[in-house]
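Taking it in order: structure first as structure tokens, then the write-up.
The basis for the numbers below is simple: all heavy atoms, side chains too, and nothing from hydrogens, waters or symmetry mates. By convention in this document, chain letters (A, B, ...) are assigned in the order of the sequence lines, proteins followed by strands, and residues within each chain are numbered from 1.
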Number of protein chains: 2
Amino acid sequence: MVEISRRRAIEDVASDLFREHGYAGTSIRDIARALSVQGASLYAHVSSKEDVLWAIVDRAATRFERAADAAEADAEAQRPGDPAEALAALVRAHVGVLTADVDAAGVFVHEWRSLDPAHREAILSRRDAYEVRFRRRVEDGIAVGAFGMTDPAIATSTLLSAVNGVAGWYDPNGRLPAARIADHLVDLSVRMLSNA
Amino acid sequence: MVEISRRRAIEDVASDLFREHGYAGTSIRDIARALSVQGASLYAHVSSKEDVLWAIVDRAATRFERAADAAEADAEAQRPGDPAEALAALVRAHVGVLTADVDAAGVFVHEWRSLDPAHREAILSRRDAYEVRFRRRVEDGIAVGAFGMTDPAIATSTLLSAVNGVAGWYDPNGRLPAARIADHLVDLSVRMLSNA
DNA sequence: CCTACCGATCGGTAGG
DNA sequence: CCTACCGATCGGTAGG
């Protein structure tokens with residue numbers, strides 16, 4: 001990947017380190033060392049360590065949101081009013097964002113607690129809104145009989161945990177390409193919600 | 001809960017803080033403050049900060065292992081050779097350990113990366129062995145037709161992510177008791193593996 | 001369990 | 001992007 005901007009290179013390196021050692025376990029000097037510069041030099045590009053975390057998390061959140069927008073529009077265009085199809089599209093989109101940048105996605109999933117209070121609040125409400133999109137499809141699917149009876153809140157939380165788990169084991173050089181992994185997650189998700 | 005030992009009280013407080021702020025984000029003085037003593041006083045009871053993390057993680061791992069032992073023995077006694085029953089018992093046992101001490105279990109799930117290399121290696125191999133117990137049931141279930149065709153490795157990783165997700169939202173004072181949550185997770189897990 | 005303290009490292013700034 | 005530096009905090013020790 002060609003380096004587009006120094007700022008972006010800092011965020012990419014930080015995503016990798018935050019994912020591996022956590023935000024608190026990564027110092028500004030660790031990030032600088034990976035870029036072969038002095039710690040203080042980073043402050044020409046970022047205003048604080050938290051600023052870097054927020055940039056990573058905000059961008060990842062935006063990607064998840066946009067991918068869900070496109071997935072729902074697409075599902076609605078192809079099979080209008082089909083909750084199972086819409087949910088499958090949401091899961092596929094989610095796995096796509098996750099595998100496209102597993103470091104940033106992993107930071108989004110695990111490190112939001114380290115954001116300062118205002119950012120933390122903002123990201124939590126976006127996460128809630130995002131989860132609601134999934135839960136609505138679960139509820140609609142139950143209502144029309146496409147899914148079996150279950151507790152929609154628990155089922156949706158469990159489904160998102162299952163899908164987010166991909167961030168814990170996905171390897172870009174592993175035996176399965178991202179698209180095949182998405183196929184599996186879609187299949188497992190729909191099965192989980194279907195009647196036995 | 002009555003305080004059994006000072007050492008144990010330190011670990012309980014540390015479980016709470018490590019889970020909320022992460023290992024690196026929690027200082028020895030943070031733990032001490034929660035116990036109303038000076039930071040240096042903790043060293044009368046623990047040899048290092050990592051020693052506390054290891055104690056929490058090791059104990060949690062042992063609980064998961066013992067609960068799985070009992071669950072498999074029980075399932076084998078009641079319905080010998082039934083992979084779906086054995087898997088259900090494993091999931092129920094896992095959720096039981098998780099909800100019995102959600103702080104310690106959450107630290108086990110998320111903070112093992114912060115262990116020193118030897119402990120990290122040890123816990124990873126125990127985690128692998130634990131996952132194999134689940135995967136064997138998944139494979140056997142597919143072989144006898146109790147479960148639908150799927151990739152056993154991906155299905156098992158996804159199942160464990162789904163179940164571990166409980167640590168992220170379980171609230172001891174929430175609307176559902178732990179036993180009901182376990183019921184739901186068993187149901188969702190078995191559905192996920194069953195034929196559609 | 002306390003006070004007093006150690007060297008190391010932290011996030012961040014000044015000034016170039 | 002560098003050197004030089006700031007005050008604060010870190011994990012941990014000594015000695016009581």
If you measure from the Lys or Arg side-chain nitrogens to the Asp or Glu carboxylate oxygens, is any gap between [X] and [Y] under 4.0 Å?
X: A:Arg133; Y: A:Glu72; answer: yes
X: B:Asp30; Y: B:Arg33; answer: yes
X: B:Arg175; Y: A:Asp151; answer: yes

Look at the rings of B:Phe64 and B:Phe108 and say which category their plane angle falls in: under 30° parallel, 30 to 60° tilted, over 60° perpendicular. tilted

Between B:Tyr130 and B:His94, what is the ring plane arrangement, given parallel below 30°, perpendicular above 60°, and tilted in between? tilted

Protein-nucleic acid N or O pairs under 3.5 Å, nucleotides 9-12 of chain D:
| residue | atom | partner | partner atom | Å |
| --- | --- | --- | --- | --- |
| D:dC10 | OP1 | B:Ser27 | OG | 3.3 |
| D:dG11 | OP1 | B:Lys49 | NZ | 2.9 |
| D:dG11 | OP2 | B:Ile28 | N | 2.9 |
| D:dG11 | N7 | B:Arg29 | NH1 | 2.8 |
| D:dG11 | O6 | B:Arg29 | NH2 | 3.1 |
| D:dG12 | OP2 | B:Tyr43 | OH | 2.9 |
| D:dG12 | OP2 | B:Lys49 | N | 2.8 |
| D:dG12 | O6 | B:Arg29 | NH2 | 3.3 |

Runs of at least three consecutive pairs that involve DNA chain C, where pairs are Watson-Crick or G-U with distances under 3.5 Å: C:1-16 with D:1-16

Considering only heavy side-chain atoms of B:Gln38, the closest of D:dC1, D:dT3, C:dC2 is C:dC2

Looking at A:Arg59, A:Arg126, A:Arg127, which one forms a salt bridge (charged side-chain N to carboxylate O under 4.0 Å, His left out) with A:Glu65? A:Arg126

Closer than 3.5 angstrom, by distance alone: can the side chain of B:Asp12 be matched with the main-chain N or O of B:Ala9 as a donor-acceptor pair? no

Minimum heavy-atom distance between A:Ala88 and A:Val190, given as atom pair plus value: CB-CG2, 4.4 Å

